[in-house]
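The structure appears right after this line, and notes come after that.
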Amino acid sequence: MASTSNRTGGGSFYGDAAPYRSRQGLSTRPVASSDEIQLRIDPMHADLDDEITGLRSQVKQLRNVAQEIGSEAKFQKDFLDQLQMTMIKAQAGVKNNIRKLNKSIIKHGSNHIVHVVLFALLCFFVVYTWSKLSGR
């Protein structure tokens, strides 16, 4: 809906009728609620059938716009639901990968400690053996 709202000339949003006044014979009265428009019909200067036809076409246009808005809202809701499901799956995948990474770090960290202890024992054994052999 790329039309502009034109208050004086009608425009495609309002059909052929102006938003606050119609042809001669119909006029609007201000009411307390902005959702209502009351029409006063002067049967001497207006053709009631043309006015009703114009109003019906505007109601049809509004109904079509409402249906388009409804279908767009449904599309957006479905899209957001899919996006939320994708985010949940991605979050679960990241959690799984972090768990695997932590296990791997613990496993490899333990291997490094074992290697350091074995190297220290080997060095101690070499120094002990060398001191016994050189002391004789």
Any chance CD of Gln84 has more than 12 other-residue heavy atoms, nucleotides or ligands included, within less than 6.0 Å? no
Could you go through residues 88-96 and list every donor-acceptor pair under 3.5 Å that involves a side-chain atom there, pairing it with any protein atom two or more places apart or in another chain?
from: Asn96; atom 1: OD1; to: Arg99; atom 2: NH1; distance (Å): 2.8

Who passes side-chain contact (heavy atoms from CB on, under 4.5 Å) against Thr129, sequence neighbours left out?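 Residues passing side-chain contact (heavy atoms from CB on, under 4.5 Å) with Thr129: Phe125, Leu133.
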Please list, chain by chain and in numerical order, all residues satisfying side-chain contact (heavy atoms from CB on, under 4.5 Å) with Val117, sequence neighbours excluded.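 So Val117 forms a side-chain contact (heavy atoms from CB on, under 4.5 Å) with Ile113, Leu121.
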Between the main-chain N or O of Gln82 and the side-chain N or O of Thr86, is there a donor-acceptor pair closer than 3.5 Å? yes
Which residues, ordered by chain and number, are linked to Val114 in its hydrophobic cluster, where ILVMFWY side chains connect at heavy-atom gaps below 4.5 Å, directly or through other members?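 Cluster partners of Val114: Leu118.
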Quick note, salt bridge (charged side-chain N to carboxylate O under 4.0 Å, His left out) partners involving residues 59-76, not counting sequence neighbours, are Lys74-Asp78
Output all residues satisfying side-chain hydrogen bond (donor to acceptor under 3.5 Å, both in side chains) with Asn97, sequence neighbours left out; order by chain, then residue number. none
Walk me through it: do Gln67 and Asn64 pass the test side-chain contact (heavy atoms from CB on, under 4.5 Å)? CA-CA 5 Å; Gln67 288 174 347; Asn64 291 339; 3.9 Å; yes
Here the gap from Leu122 atom CG to His115 atom NE2, rounded to the nearest 0.5 Å, amounts to 12.5 Å
